[in-house]
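Report on the structure given below.
Note that the numbering runs from 1 along the sequence shown for the chain. Heavy-atom basis, side chains included; hydrogens, waters and symmetry copies ignored.
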Amino acid sequence: MFCFQCEQTARTETAVGCMIHRFDPQLDDGLAVPIGKPSANARIYILDKNKKPMPLGIIGEIYIGGEGVSLGYLHNEALTAGKFVDDPFVPSTPGTPAKKMYKSGDLGRWNLDKILEFFGRSDEQVKIRGYRIELGEIEKQLVKLEGIKDAVVALRKGPEAELCAYLVARDAKELEVARLREGLTRELPMYMVPAEFVQVNRIPLTRNGKVDYRKLESLGKKLGSGQ
């Protein structure tokens, strides 16, 4: 089951189990297990910035509606107003409050089987050379390549912003940039191919289990230019 929990308040905004997926080793490749389908009394939406539904296969922000949605954050009206918004897909009746849905900040899409797939956080979306890029989408393609165990993509700021991929190999062999670029260009446009590749022994994590980008920048060996 998949759950959403607030890091700032350590309280759940929705019922802990609002999505369910039964893992099938014959169907799931083990690289990114889908979140699944809504559980009973839960409504899951994939919406654009105008809160309009996204079609199958297109990434948008995950919103959660249904009976398990919280009333908001205690003594924090400003945060509540930003995260708990009116659900436009549920008809309201005169004299009763509008149903709410939770704006999760997570990105996802419905695949062709109408199973929800997770694509990272909306705050991980970056803009480079006029293009908006989901870093999680690049990471997902990287770990599909032969020889790569784990991957993190970050935006390096400088005179010109560029993408940098940090890679953990499945063995001790040094990864080849040419093969990485070739593999990525089969699935992604050129503007999403990292300009730099760095091989590291592991992906450092913070105490909260998130990627420690500060430590990551000081680790590893630069493999070469991706352009």
Side-chain angles (χ1 to χ4, degrees), residues 1-24 27-127 132-140 205-206 208-211:
M1 291 187 293
F2 189 75
C3 70
F4 293 82
Q5 188 167 31
C6 177
E7 299 168 4
Q8 296 174 327
T9 63
R11 289 173 172 81
T12 53
E13 288 92 348
T14 73
V16 171
C18 56
M19 300 290 292
I20 297 175
H21 178 70
R22 183 182 296 277
F23 179 76
D24 186 338
L27 300 176
D28 298 317
D29 57 17
L31 300 175
V33 178
I35 295 175
K37 295 184 177 182
S39 58
N41 297 322
R43 295 187 299 274
I44 306 297
Y45 311 115
I46 306 296
L47 308 179
D48 64 15
K49 62 181 180 179
N50 297 314
K51 298 185 179 64
K52 301 297 183 182
M54 303 297 282
L56 293 180
I58 304 301
I59 296 173
E61 184 170 355
I62 301 174
Y63 285 74
I64 308 170
E67 300 304 319
V69 175
S70 168
L71 297 177
Y73 302 110
L74 185 64
H75 305 313
N76 197 332
E77 295 182 2
L79 186 59
T80 295
K83 289 291 188 178
F84 294 86
V85 297
D86 290 348
D87 188 337
F89 307 103
V90 178
S92 59
T93 56
T96 60
K99 294 291 186 180
K100 297 291 182 178
M101 59 181 182
Y102 170 58
K103 185 179 188 299
S104 74
D106 290 312
L107 299 171
R109 72 179 181 187
W110 297 111
N111 64 22
L112 296 181
D113 295 320
K114 296 185 179 180
I115 299 294
L116 184 61
E117 296 178 329
F118 178 66
F119 276 87
R121 295 282 301 168
S122 60
D123 50 20
E124 292 174 352
Q125 186 183 74
V126 300
K127 189 173 184 179
R132 290 200 174 276
I133 297 172
E134 311 292 350
L135 299 182
E137 190 167 354
I138 305 174
E139 294 166 352
K140 184 176 181 180
L205 302 177
T206 65
N208 295 328
K210 295 188 175 183
V211 176

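- When side chains are defined from C-beta on, Ser70 counts as touching Phe84, because their heavy atoms get closer than 4.5 Å.
- Between Trp110 and Leu116 the shortest side-chain heavy-atom distance falls below 4.5 Å.
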Identify each donor-acceptor pair in which a side-chain atom of residues 55-68 lies under 3.5 Å from a protein atom, sequence neighbours left out, and give them as a table.
from  : atom 1 : to     : atom 2 : distance (Å)
Glu61 : OE1    : Lys103 : NZ     : 3.2
Glu61 : OE2    : Lys103 : NZ     : 3.2
Glu61 : OE2    : Gly105 : N      : 2.8

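- Atom CD of Glu117 is separated from atom CG of Asn111 by 4.5 Å, given to the nearest 0.5 angstrom.
- Counting only residues at least two apart or in different chains, side-chain hydrogen bond (donor to acceptor under 3.5 Å, both in side chains) contacts with residues 84-101 comprise Arg43-Asp87, Tyr45-Asp87, Asp86-Lys100, Thr93-Thr96.
- The line from CG of Leu74 to CG of Leu79 is 12.0 Å long, rounded to the nearest 0.5 Å.
- The shortest distance between side-chain heavy atoms of Arg109 and Glu134 does not fall below 4.5 Å.
- Judged as a side chain to side chain contact (heavy atoms under 4.5 Å, CB included), and not counting sequence neighbours, the contacts of Pro53 are Leu47, Phe89.
- In terms of the side chain to side chain contact (heavy atoms under 4.5 Å, CB included) criterion, residue partners of Lys52 (sequence neighbours excluded) are, by chain and number, Asp48, Asn50.
- Nearest heavy-atom pair, Met101 versus Pro88, reported as atom, atom and distance to 0.1 Å: CE-CD, 3.5 Å.
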